[in-house]
Amino acid sequence: MPTIFSALSTILRYVFITIIYLFIFGIIRMIFLDIKKMDIPRPRQIPKNMAYLQLLTDKKSLYFDVDSVYPLDTEHIIIGRSEKCDISINDLYMSTRHVQLWFEDGEWYIADLGSTNGTYINGRKMKDEPLILDSGDTIKIGQLEFLVVI
């Protein structure tokens with residue numbers, strides 16, 4: 001008789017622990033979805049339907065001048081150190097032509113242009129193939145990190 005109670009007790013203990021873990025997972029998932037849905041305030045100079053890059057890096061820690069917001073106002077944008085780039089930033093850790101963004105079929109794409117230090121999307125280094133950007137993604141180019149707002 002005691003073995004039935006001990007077996008039942010063990011089973012109930014594991015069921016209870018599983019329920020607790022599922023409850024905690026549900027709470028974490030709800031928090032993540034709420035953060036993802038947060039309304040990012042749009043800068044005044046950016047039209048409502050226009051995508052843009054919001055600087056996340058603290059400007060005070062930089063030795064060069066950089067804007068807080070870069071509108072994605074054309075279908076093809078190249079970011080780099082060269083003055084010929086659409087977005088030119090004088091960061092020594094950025095290649096002359098570092099990254100390319102373009103709008104195609106209702107999506108924003110990004111591709112690294114063979115930069116020396118690479119491009120990081122959401123903390124992961126990009127491979128050779130282009131990626132589709134989503135609102136809320138972060139892009140790290142050189143010393144700068146940008147938030148994508150679409």
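Just so you know, these numbers use all the heavy atoms, side chains as well, and skip hydrogens, waters and symmetry mates. None of the values given here were measured: they were computed from a predicted structure.
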Review point. Passes side chain to side chain contact (heavy atoms under 4.5 Å, CB included), Leu53 versus Leu147? Steps please.
Key: CA-CA 6 Å; Leu53 298 176; Leu147 176 69; over 6 Å; no
Do [X] and [Y] touch side chain to side chain, with heavy atoms closer than 4.5 Å?
{"X": "Tyr70", "Y": "Phe146", "value": "yes"}
{"X": "Asn90", "Y": "Asp65", "value": "no"}
{"X": "Ile150", "Y": "Trp108", "value": "yes"}
{"X": "Leu72", "Y": "Met50", "value": "no"}

**Study point:** Modelled atom types, side-chain donor and acceptor of Asp112 and Ser115, under 3.5 Å
**Key:**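 Yes - a donor-acceptor pair under 3.5 Å links their side chains.
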Point to revise | Heavy-atom closest contact (Ser95 atom, Thr116 atom, distance) | key: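 Looking at all heavy atoms of both residues, the closest pair is OG-N, 3.1 Å.
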Point to revise | side-chain hydrogen bond (donor to acceptor under 3.5 Å, both in side chains), paired with Thr119, selected from Gln100, His98, Lys140 | key: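 So, applying the side-chain hydrogen bond (donor to acceptor under 3.5 Å, both in side chains) to Thr119 and each of Gln100, His98, Lys140, only His98 qualifies.
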Point to revise | Cys85 and its side-chain contact (heavy atoms from CB on, under 4.5 Å) partner, picked from Thr96, Ile78, Val99, Ile79 | key: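 Among Thr96, Ile78, Val99, Ile79, the one meeting side-chain contact (heavy atoms from CB on, under 4.5 Å) with Cys85 is Ile78.
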Practice item. Find out if a path of hydrophobic residues (ILVMFWY) with successive side-chain heavy-atom gaps under 4.5 Å connects Leu144 to Tyr120. Key: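 Result: no, two separate clusters.
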Exercise for review: Test side chain to side chain contact (heavy atoms under 4.5 Å, CB included) on Ile139 and Ile141 and set out the steps.
Suggested key: CA-CA 6 Å; Ile139 302 172; Ile141 307 168; 3.5 Å; yes
Review point. Which word best sums up how the rings of Trp102 and Tyr109 line up, parallel for under 30°, tilted for 30 to 60°, or perpendicular for over 60°?
Key: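 Parallel.
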Check your understanding: What's the verdict on side chain to side chain contact (heavy atoms under 4.5 Å, CB included) for Tyr63 and Asp91, showing C-alpha distance, side-chain angles and the deciding distance?
Key -> CA-CA 8 Å; Tyr63 62 89; Asp91 179 1; 3.5 Å; yes
